[in-house]
Each structure stands twice: as structure tokens, then as C-alpha cells.
Amino acid sequence: MTAAVGRRAQAIAALLLLLALDQAQADDIIVVGGEDGYRPYETLDDRGRPVGFNIDLMRAIAEAGDFELRFELGGWDEMRDALATGRIDVLGMFVSSGRARTVDFAQPHVIVHHRLFIPAGGEPVARIEGLEGRRVVVQRQAYSHEYLIRHHPEIELTLVDTDAEGLELLADGGHDAALLTEHRGRYTLEKRDIENLAVSGPPVLPVEYALAVKRGNDALLEKLNDGLDEVMASGEFDRIYARWLQPYDEPDQATSRTTLIVFSIAALLALLALAWLSRKLIVYRREMNAARQQLAYLREHDTLTGLLSRHALERRIDELCHNPGSGKHSLLNINVDQFRLLNEKLGHAEADKLLQTLAHRLAGLIPSRAEIARLGADEFAILLTDTERESAREIGQEILSEFAGRPLSDGDDHRPVTLSIGLVSFSDGEDSIERILRRADCACVAAKEDGGNQLHAWHPEDLRLAEKYGELGWVSRIQSALNENRMLLYWQPIVPTGEPPYRTVGVEILIRMRADDPDEEPITAARFMPAAERYFMTTQIDRWVVNSMLVWMARNGSIIEKLERVNINLSGRSLGDARFLNFLDRRTREHARLLPKLCIEVTETALISNLEAARELLERLHRGGCRIALDDFGTGVSSMNYLRQLPVDYLKIDGSFVRDIDRDPEAFEFISEVNRLGHAMGKITVAECVETEALAHCLVRAKVDFMQGYLIGYPQPLDDLDAHLSAQQSKAPNKS
């Protein structure tokens, strides 16, 4: 089966490559902007042709990437506006955190220094701090302008449109210094024969220079990075650099021949090292691209069977629901009858093989236009586009007849497998994805209730029937609990790793449901959350938790002051919901003073459909003091994507990796590696499900930062938190 999945992955990769090539041929010419007259980087020569370092570099990158260019030069302000509005595609500029909020940068390829220019014979200035109290000329919206405004607002600035204009203004008198880029400033002094100015002190303000694209243009950014890698590896970058950016300082006449030889050897070794590093970078980028492709494949496919994942099928159904005129479609929900008994009889490994065989057989029975996915353990779905109910029923009946009473494969001595199939038909604009999946599940439950090995088409009465049992029974109970305020908040302590007594520094907020019988224990989330996730109710629950917890924190400031963090879990579905994000934005603005005590836990295994919108809000909350934790770290395929795009502070290592570290050296080494990775990235690590002292000792050895679990404390009602913290405080040693 692994080979089959590999072949499927290769076929998909080949298809993606063909689509990419087709798209590349259809793309418009890439327009490269630049500042007219900004030699030696870019300018127009006497015949009106663009020349300069950036021009030659972009031509080399375009040749390596096999795409066409057009250059457009103008004023600096005009070019930045042109990039923001999409009139140009690429613009070379200095890298800064402020600019990174509006553009995306390719890998930096040059370090540019600035120099201080002063009137000849004037008082020397060696550092930027020496400009205080002086009148300084800088180019408007240049990096030097942004830097001085941010870090030295007390310096009196005179703004000019170009550095050439700035040097001429300085030469005319009335100003004390100009802060300009080295190559541009020296070039202007030489070409305009300005003799009454001098360069003062050593180079200052080094800054990375890179090619910038409009934010979000990832395809073009990848083209630029790949082309730049090839240009550097081939040595062409060095030739272009030498042609335009050689140092202007003349060597000291006293420099000995020996020194020149040593310098030449050092330069040669540096070039060889640069070529080696460039080649290593190319290999690394190729490996990263392959990893991203694999990640995308895993996000869209089930790892056991190679079929589409639930996430991919849901997105496809949602597209059909919002595609006017797409027609009538049908969905078959397929369950294996008595799969739990088969699983117990065969064991997990054999049961997995059975599911793989079943998936292969199902894929071979469906029409070419159909799409098949694995939704859960023994649950599959077939999406039949442009297919009416009766045609879908015939396909379902054919599937039943193929399996009923027959072994799955030749020589299979296991009990023959039978299926239950639920059928629902839908049209664009008439249904939502939530209703479609719920109806298909209801119909399948009805087929099982009637004895299995049959197909049941959904009708309105099925919902009342299906709610008598299974997960659907929780739907009305969850809704009633939310409406009647019968949800409860619990807490579990988070403590630093070490020896007891353990000191609670943070808590994770958990949810419970009050039982119908007041004498019964509250219902744990493990019993009702699977149904909430399956039937799209997690967003309602998350709303209740956020609202209730913020109100409680606002009313209990004295309790919150005793804690470093209060952790709230949010589902990926909620963080992908624009209405929930608006709600979260509004409520956190109302309680902005609580943000430094708040931590939002994002579950790694849940994909966030609208990641960009979630990222923007989480970054705002992060700036306000809120912290972000990546929950269940190590169990999903989204972790590296989230680490790259979200402001993550904590990595919560999933308990499945923690439970055996006291007995399994490989498990301990894995935890240690995850912890080293987290610390290398500047993250704080938290181990979950710590239940014994032996596990706690291992976590100390692995240098994990924090832990939580039954060893530390069981979940308790929120009303008990104050007493726990007060008792802990009273037992603390007196340091006076």
C-alpha cells in the first residue's frame, strides 16, 4: 500500500508540475522597478537603456528562471507606491521590520553600508550618535530616514528626494552632515566633481539589501530565490558585484606586495566558500520545497489509505455549495458494519490492512468523475458531482452488491465485510456543508439501525431518528447546555519542571457539561467534544469559553495576579471562521488589560482554513501581551507551517510522546530532540500528561521547561482555584 501511496504522490507531483509549467507560460512579463538615477544600482544610460547592479542581477535571475522582464524606473516614492498597487512586481530595497509588514523579501544578497559625509575641514563625525545637535541631510523614505526617525528622533533632519540632491545641498553650506549609502554617495562625489565634501569616519549602519515583492506573492518570491541561488552558485553574482560595487577607497600606497597576495588568497578562499555555501543553500531549498510538497500532500490525503482527507473533501463540498449553477450532486457516506468487532478479532495491524484493501476496492468501483475520501476509522465518503439521487442510489447499490457475502480479496479467510451507506443529494446555494455532512451521517446511521448491508437515502425524519443514539445524540444536549448555561469551566495546573512541591504558575482552562441528573459527576469534554467537532459546534463552544473566561478574569483580578498565564484552547475551525475572529477581536479589545495574562492554545492537528486572517489577529493579540501555544505538538502535519506563520511562544509536547520516556530510551531521546528544537527556535516547552514521578524526573533530565498532568493535579472547578493558590502562597518559604 505504501508503494501505491508513493505512486499516487508521484502522479500528483507530476500533475502539479505540468500545471505549474502551463501557468508559467501564461504569466505576464515580470515588471522590475527601480529609482531612476540611482547609480550604481539602477539608472538609464545616455541611450535611455536601464543599467546598473540591480538591472544586471535581475537579468541573470530571469535567465536562470527562464522568465521575461520589463524595467520601469522612476522616483523612489513612485516606485514604492507602484509595488504596493501591483503596477510593478519587484523592487530592490533595504530590509527592515517596518517594510516587512507591507512587502515580502527574497533572501538578502548584499550588505550595504552607509557613510557620513561632512564639509571638508569640518569637525569629524565617527558614529551616528555624533550627529546629535547637528543638521543632517537624508533621503526621504530611505532606510537611513526610517532608522533616524525610529532611533534618534532628536536629530534635526532635512529631507531630499535623492542622495545627489542631498550632497549638493550639503556642499552649498548650511548643514553639518549627510547620512547616505556608501556606493551611491561616493559615486556622486566623483561624477559631479564635488571637492568641498569629505567622508568622515568608518562605514556605519550596515543593512541587508534584497528584492521585494508585494506581500503574499509567494510564487514570484520562490522564482526570485531559486534564480538567485543559481546565479550565486555559478559565480555570475560575483562578476556582477565586481562590475558595479567594487570599493571606492584606493589602497594605501604603502601596502606591500605580500599584503596584496595575502588579500588575494583570502578573497579567493572567500569566493570558494561562498560558492560552496551557495550550492549547499540550493540543496537545502530543494529539500525544503520537497518537504512543503509532502506537507501539502499529507494535508489533503489520508496517510493510511492514500485517499482524500476529510479536510480536502469538506473544502470540495463547500466549493460546490458556493458555485452557482454547478448543478445537482450527491454524497455517499459509507461505514463498515461491526468494524469494532473486526478490529478486536484481527488486531489493529490487520484491521488497518483490511481498511487499505477496502479503500482500494472502493476507489476501483466509483466513476472517474467521483472523489473518494476517508473521514474516520471505518468511515468513507464518495462525492458524486453532477449526479442525481437515483443515479447515486444505483452506484451505492452496486457497491453493496460487490462487497456483500464476499471476502475482500482472494484467499482472505476473514469474515466477509458488509457496508452501510447513507445517501444525500444537494444543490448549490440550497445547502451548507454542515447540513450535508450531518444528513449523510444520519442516513448512514439509519441504514445501520435497519440491520446494515443496505443504503438509506436521507429524508427529514432521519434527524429525529438518528439523535436517539451515537454521536448525534450529543448535538441537542450540547445546544441545550449552551442555551441553559450548563457548561462548566475547570482548570488544571501548569508547573515548572523540578522537584516537589510543585508551584502552579499557570493553568489550562478545560470545559465540562453539567449532567442532567444533579447527583451525577459533570460530563468530561472527551465524551461530547468529538460530536461537537464532527457537527461544527466547536465555534459555539469556543465563543462561550472565551466570553465566560474573560468575564471571570475581569471580576477576579486578585486571583489572576497570582498566575503568569491562563491558557484557553481554541479550535482550528474557530480560528478559520471570520465571524468568530471578529467576535474574538471585539471581546479582547474590550478586555485589553487582561491580554498579558492570557495564552491561546492552537491545536496543531486542526488546520486553520483562513490562516492569514487568524495570523493578523493573533499577532495583534501578541503585541498586546497575549501568548500563543501550539498544542499537541508532534501529532499533526501543520506544526512547521504554524511555527513559521504564527507568533508561537510555547510548544506543548503531546502526551503520547511523554508517557513512555521513563522506560523507552528512544522516546526519551525524541523528547530531548523536540525540546532542543524548541529552545533553538526560542520557544518555551511544556510536557503534557505527566502522571508519575519517574516521568517528571525524565523531563528534568531532558530540560523541558514546564509540565502538567495528573501527577501535578487533576482538573478542578474554577471556583476552587483561589483556595489552591492561597494555600500554595501560604506554604511558600519566607524570604525576608
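- With respect to the salt-bridge test (charged N to carboxylate O, under 4.0 angstrom), the residues Arg315 and Asp318 do not qualify.
- Taking each heavy atom of Asp660 and Arg663 in turn, the nearest pair found is OD1-NH2, 2.5 Å.
- Side chain of His329 to main chain of Asp386: a donor-acceptor pair is present (N/O by atom type, distance under 3.5 Å, no hydrogens or angles).
- Ala381 approaches Leu313 most closely through the heavy-atom pair CB-CD2, 3.6 Å.
- The two atoms that bring Phe580 and Leu575 nearest to each other are CD2-N, 4.5 Å, heavy atoms only.
- Within the 4.5 Å cutoff, the side chain of Ile478 has heavy atoms near those of the Met487 side chain.
- Judged by distance alone, the side chains of Asp662 and His697 never bring a donor and an acceptor atom under 3.5 Å apart.
- Looking at residues two or more places apart in sequence or on another chain, you find a side-chain contact (heavy atoms from CB on, under 4.5 Å) between Ala696 and Tyr502, Val690, Glu693, Met707, Leu711.
- Cation-pi contact between Arg477 and Phe528: absent, since separation from the ring centre below 6.0 Å together with deviation from the ring axis within 45° is not met.
- For the pairing with Ile653, the side chain to side chain contact (heavy atoms under 4.5 Å, CB included) check across Leu630, Val674, Val686, Leu699 returns one residue only, Val674.
- Of the listed residues (Ile334, Ile395, Asn453), just one forms a side chain to side chain contact (heavy atoms under 4.5 Å, CB included) with Ile421, and that residue is Ile334.
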Practice problem: Could you check Leu488 against Met513 for side-chain contact (heavy atoms from CB on, under 4.5 Å), going step by step and ending with a plain yes or no? | Solution: CA-CA 6 Å; Leu488 304 171; Met513 182 192 297; over 6 Å; no
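- For the pair Thr685 (side chain) and Leu651 (backbone), a donor-acceptor distance under 3.5 Å is absent.
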Quiz item: Given the rule in the side-chain contact (heavy atoms from CB on, under 4.5 Å) test, do Leu308 and Ile372 qualify, once you have shown the distances and angles that lead to the verdict?
Solution: CA-CA 6 Å; Leu308 290 179; Ile372 180 171; over 6 Å; no
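- Here the side chain of Gln356 pairs a donor or acceptor atom with the backbone of Leu304 at under 3.5 angstrom.
- No side-chain donor from either of Arg316 and Thr385 sits under 3.5 Å from a side-chain acceptor of the other.
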Quiz item: Could you walk me through whether Arg543 and Asp577 pass the side-chain contact (heavy atoms from CB on, under 4.5 Å) check?
Solution: CA-CA 12 Å; Arg543 278 176 174 263; Asp577 186 321; over 6 Å; no
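- Considering CG of Leu384 and CZ of Arg389, their distance stands at 13.0 Å, rounded to 0.5 Å.
- Atom-to-atom distance recorded for Glu314:CD and Ile436:CD1 is 11.0 Å, nearest 0.5 angstrom.
- Judged by distance alone, the side chain of Asn675 and the main-chain N or O of Ala702 form a donor-acceptor pair under 3.5 Å.
- Under the 4.5 Å side-chain criterion, counting only non-hydrogen atoms from C-beta, Arg361 is not in contact with Val417.
- The CZ atom of Arg393 sits 5.0 Å away from atom CD of Glu390, with the distance rounded to the nearest 0.5 Å.
- Across Ala613 and Leu581, no two heavy atoms sit closer than the pair CB-CD1, 3.7 Å.
- Side chains of Leu355 and Arg374 form a contact here, defined as non-hydrogen atoms less than 4.5 Å apart.
- Put simply, the residue from Glu508, Glu601, Arg627 that forms a side chain to side chain donor-acceptor pair (under 3.5 Å) with Asn567 is Glu601.
- Contact check for Leu695 versus Ile661: side-chain heavy atoms found under the 4.5 Å cut-off.
- Relative orientation of the Phe706 and Tyr650 rings is perpendicular, given thresholds of 30° and 60° on the angle between their planes.
- Side-chain contact check for Gln708 versus Lys652: some heavy-atom pair is nearer than 4.5 Å.
- To the nearest 0.5 Å, atoms CD (Glu402) and CG (Leu362) are separated by 10.5 Å.
- Under the 3.5 Å distance criterion, the side-chain polar atoms of Thr387 are left unmatched by any main-chain donor or acceptor of Ser330.
- Residues Met537 and Trp474 have side chains not in contact (no heavy-atom distance under 4.5 Å, counting atoms from C-beta outward).
- Of all heavy-atom pairs spanning Phe668 and Cys698, the tightest one is CE1-O, 3.2 Å.
- We find the CD1-CZ distance between Ile433 and Phe426 to be 9.0 Å, quoted to the nearest 0.5 Å.
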Quiz prompt | Verdict with reasoning, Ile684 to Asp649, per side-chain contact (heavy atoms from CB on, under 4.5 Å) | solution = CA-CA 6 Å; Ile684 299 170; Asp649 303 284; 5.8 Å; no
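- Taking 4.5 Å as the limit, some side-chain heavy atom of Leu383 sits within range of a side-chain heavy atom of Leu320.
- Pro493 is not listed as a side-chain neighbour of Tyr714, based on a closest heavy-atom distance of 4.5 Å or more.
- Across all their heavy atoms, Glu521 and Ala515 have their closest contact at O-CB, 3.8 Å.
- Taking CD of Glu688 as the start and CG of Asp654 as the end, the distance is 6.0 Å to the nearest 0.5 Å.
- Ser420 and Asn335 share no donor-acceptor pair across their side chains, judged by distance under 3.5 Å alone.
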